[in-house]
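Below: one structure, written as structure tokens.
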Amino acid sequence: GARELVLVPLIAVYLARRRPHAPLRADRLGKLATVAQFIALCVIALAPDHALPAAAVAGGIGLVAAGHYVATATHRDDRIADGGRDTPQS
């Protein structure tokens, strides 16, 4: 889906950086995107006239999930690189 089109290249860059990083894990938004994809597939199979709206909703949720994953991973990696601190040291 849309989420994979965004995440696969970003994960390749993420891993190529060779910086310490936390493991990537699915969260509720990613699970919702997966459920939306399966619902869209069912709609495509059972009610093809409604395929485009179902695919658009699934794609939108997938893109939001991808953005959330990127933001979460970036924030987590910054904390790891700073020694686990949430706030900058003065």
Side-chain angles (χ1 to χ4, degrees):
R3 176 179 44 162
E4 289 77 13
L5 290 174
V6 173
L7 284 181
V8 169
L10 290 176
I11 289 171
V13 170
Y14 181 76
L15 294 174
R17 288 177 24 204
R18 298 187 186 270
R19 288 180 44 194
H21 60 274
L24 298 173
R25 299 185 196 277
D27 61 12
R28 290 182 183 182
L29 195 52
K31 301 290 185 184
L32 176 63
T34 300
V35 169
Q37 288 173 344
F38 279 108
I39 291 171
L41 287 173
C42 290
V43 169
I44 290 166
L46 301 173
D49 293 342
H50 302 289
L52 186 58
V57 169
I61 294 171
L63 289 174
V64 170
H68 176 71
Y69 283 143
V70 170
T72 300
T74 302
H75 178 70
R76 220 178 339 174
D77 282 355
D78 288 345
R79 282 198 330 240
I80 290 170
D82 291 340
R85 296 185 300 268
D86 280 331
T87 56
Q89 293 287 328
S90 302

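Only this structure's heavy atoms are used, side chains among them; waters, hydrogens and symmetry mates stay out.
Note that OG1 of T34 and CD1 of I39 are 11.0 Å apart. Values are rounded to the nearest 0.5 Å.
Residues V57 and L63 do not share a hydrophobic cluster, clusters being chains of Ile/Leu/Val/Met/Phe/Trp/Tyr side chains in contact below 4.5 Å. V43 is connected to V35 through a chain of hydrophobic side-chain contacts under 4.5 Å among Ile, Leu, Val, Met, Phe, Trp and Tyr, so both are in one cluster.
Legend: residues meeting side chain to side chain contact (heavy atoms under 4.5 Å, CB included) with A36, ordered by chain and number and at least two apart, are A58, I61. Listed by chain and number, the residues in a side chain to side chain donor-acceptor pair (under 3.5 Å) with H68 are D27 (sequence neighbours excluded).
Pairing each heavy atom of I44 with each of A51, the nearest pair is CG1-CB, 3.6 Å. Shortest non-hydrogen contact noted between G62 and A33 is CA-CB, 4.0 Å.
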